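Treat the numbers as computed from the prediction; the structure is a model and nothing was measured. Below, each value reflects all heavy atoms present in this structure, side chains not excepted, and no hydrogens, waters or symmetry copies.
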Amino acid sequence: MPDYGFFDNVYDVARQIPPGRVTSYGAIAHYLGTKGSSRIVGYAMQAAGTAHPPVPAHRVVNRQGLLTAKFHFGGDTMQRLLEAEGVKVKDDQVQDFKTIFWDPSIELAL
DNA sequence: GAGGTGACGACCC
DNA sequence: TGGGTCGCCACCT
């Protein structure tokens with residue numbers, strides 16, 4: 001079996017994010033039990049573009065709901081993807097962030 | 001084996 | 001309220 005590390009764990013959670021919803025790096029890290037590793041989640045997302053199967057990293061934003069990953073996607077690709085799912089984005093910031101916020105520690109806590 | 005890096009978060013002033 | 005600084009832990013070289 002493959003060496004399932006922290007990255008794969010992050011990918012697994014990110015893939016469970018339903019369309020039209022977004023989550024934060026800290027939320028995923030907290031769900032994994034390592035909230036201090038919020039940076040690791042972001043680092044994992046960097047490799048998410050090369051991960052298989054692909055991970056919807058565009059649904060993951062920072063704690064402020066800001067599209068920090070947008071710079072890595074290149075252009076407005078991230079915003080376009082979110083808007084295509086019904087997520088309203090303005091000024092690189094997710095509108096009604098707390099409303100569409102998807103917390104794995106709650107949704108997957110069952 | 002050790003050092004450096006990083007798509008963040010929380011604390012301090 | 002806003003800006004700046006520190007910490008934090010896994011992956012890569």
List in chain and number order the residues that pass side chain to side chain contact (heavy atoms under 4.5 Å, CB included) with A:Arg80, two or more places apart in sequence or in another chain; answer none if no residue qualifies. A:Asp76, A:Thr77

Please identify each residue that fulfils side chain to side chain contact (heavy atoms under 4.5 Å, CB included) with A:Pro54, with sequence neighbours left out.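 A:Pro54 satisfies side chain to side chain contact (heavy atoms under 4.5 Å, CB included) with no other residue.
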
Selection residues 21-35 of chain A - residue pairs positive for salt bridge (Lys or Arg N to Asp or Glu O under 4.0 Å), sequence neighbours left out: none

Listing request: all salt bridge (Lys or Arg N to Asp or Glu O under 4.0 Å) pairs with a residue in residues 47-64 of chain A, at least two apart in sequence or in separate chains.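 Qualifying pairs, neighbours excluded: A:Arg59-A:Glu85.
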
Does any part of the side chain of A:Thr68, heavy atoms only, come nearer than 4.5 Å to the side chain of A:Val61, both counted from C-beta? no

Any base atoms under 4.0 Å from A:Ala29, or only sugar-phosphate, or nothing? Heavy atoms, all strands. nothing

What does the B/S/- profile of nucleotides 8-13 of chain B look like, 5' to 3', with a 4.0 Å heavy-atom cutoff to protein? BS----

Would you give the length of the straight line joining atom OH of A:Tyr31 to atom CG of A:Leu108, rounded to the nearest 0.5 angstrom? 4.5 Å

Working to the nearest 0.5 angstrom, can you tell me the gap between A:His58 NE2 and A:Ile17 CD1?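 Rounded to the nearest 0.5 Å, the NE2-CD1 separation comes out at 8.5 Å.
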
Table of protein N/O atoms under 3.5 Å from nucleotides 10-13 of chain C N/O atoms:
| unit_1 | atom_1 | unit_2 | atom_2 | d |
| --- | --- | --- | --- | --- |
| C:dC11 | OP1 | A:Phe6 | N | 3.3 |

Return a table of donor-acceptor pairs under 3.5 angstrom between the side chains of residues 86-101 of chain A and protein atoms on other chains or two or more places apart.
| unit_1 | atom_1 | unit_2 | atom_2 | d |
| --- | --- | --- | --- | --- |
| A:Asp92 | OD1 | A:Lys70 | NZ | 2.5 |
| A:Gln95 | NE2 | A:Gln93 | O | 3.2 |

In residues 10-19 of chain A, which residues come under 4.0 Å of DNA chain B by heavy atom? none

Enumerate the residues from residues 72-90 of chain A whose closest heavy atom to DNA chain B is under 4.0 Å, giving them by residue number; use none for an empty result.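 Output list: A:His72, A:Phe73.
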
When you measure from the side chain of A:Thr23 to the backbone N and O of A:Trp102, does any donor-acceptor pair fall under 3.5 Å? yes

Using links of under 4.5 Å between side-chain heavy atoms of ILVMFWY residues, direct or through other members, which residues join A:Leu66 in one cluster?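 A:Leu66 shares its hydrophobic cluster with no other residue.
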
Hey, could you give me each pair passing ring-ring contact (aromatic ring centres under 6.0 Å, His included) that has a residue in residues 67-87 of chain A? Not counting sequence neighbours. none

Tabulate below the donor-acceptor pairs under 3.5 Å that side-chain atoms of residues 36-49 of chain A make, not counting sequence neighbours, or state none.
none

